[in-house]
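Below is one structure, written out as structure tokens; the observations come after it.
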Amino acid sequence: MIPEGRSAVDSTVRAVLRDVLGLSEERVAAFTESTPLFGALPELDSMAVAGVLTELEDRLAIVIEDDEVDGEMLETYGALLRFAAGKALV
């Protein structure tokens with residue numbers, strides 16, 4: 001079972017990926033912890049990463065420092081969710 005706060009972050013991360021990358025609701029809903037993102041989603045290129053991170057900051061009221069951004073946090077949906085939850089649920 002996903003804790004309530006994490007569930008809200010999960011919904012927000014999915015909405016950001018849908019809205020910023022123009023992905024369908026069904027496609028984003030099917031993402032699992034191990035769904036690959038950067039390098040696997042053509043929509044998530046280096047330019048789109050900035051948009052995704054900015055939107056996450058706005059919607060989750062967090063600050064993402066430049067030195068926190070690396071390939072691992074964008075490798076899978078689960079990694080991105082854990083990063084966002086770690087920032088938002090403190």
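Here the structure is a predicted model, which is why all the values come from computation and not from measurement. Throughout, residue positions are numbered sequentially from 1 according to the sequence presented.
Closest approach of P36 and L41 over heavy atoms only: O-CG, 4.2 Å. Minimum heavy-atom separation, V28 to L23: CG2-CB, 3.6 Å. Of all heavy-atom pairs between A48 and L21, the closest is CB-CD2, 3.6 Å. Here the shortest heavy-atom pairing between L56 and I62 reads O-CG1, 3.9 Å. What you find for F38 and D45 is that their closest heavy atoms are CE1-C, 3.8 Å.
The shortest distance between side-chain heavy atoms of E57 and V63 falls below 4.5 Å. Between L53 and M73 there is a side-chain heavy-atom pair separated by less than 4.5 Å. Looking at heavy atoms from C-beta onward, Y77 lies in side-chain contact with L17 at the 4.5 angstrom threshold.
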Notebook entry, point to check: Between I64 and T54, does a side chain to side chain contact (heavy atoms under 4.5 Å, CB included) hold up when you go through it step by step?
Noted result: CA-CA 8 Å; I64 300 171; T54 300; over 6 Å; no
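For residues 61-75, the set of pairs meeting the salt bridge (charged side-chain N to carboxylate O under 4.0 Å, His left out) definition, not counting sequence neighbours, comprises E68-K87. Among residue pairs with one or both ends in residues 24-41, those qualifying as side chain to side chain donor-acceptor pair (under 3.5 Å) are R6-E33, R18-E25, R27-E43, T32-S34, T32-T35, E33-R82; sequence neighbours excluded.
Annotation: the span from F31 atom CZ to L37 atom CG amounts to 6.0 Å, rounded to 0.5 Å. Atom-to-atom distance recorded for S11:OG and L81:CG is 9.5 Å, nearest 0.5 angstrom.
Under a 3.5 Å cut-off, the side chain of R59 and the backbone N or O of V9 do not form any donor-acceptor pair.
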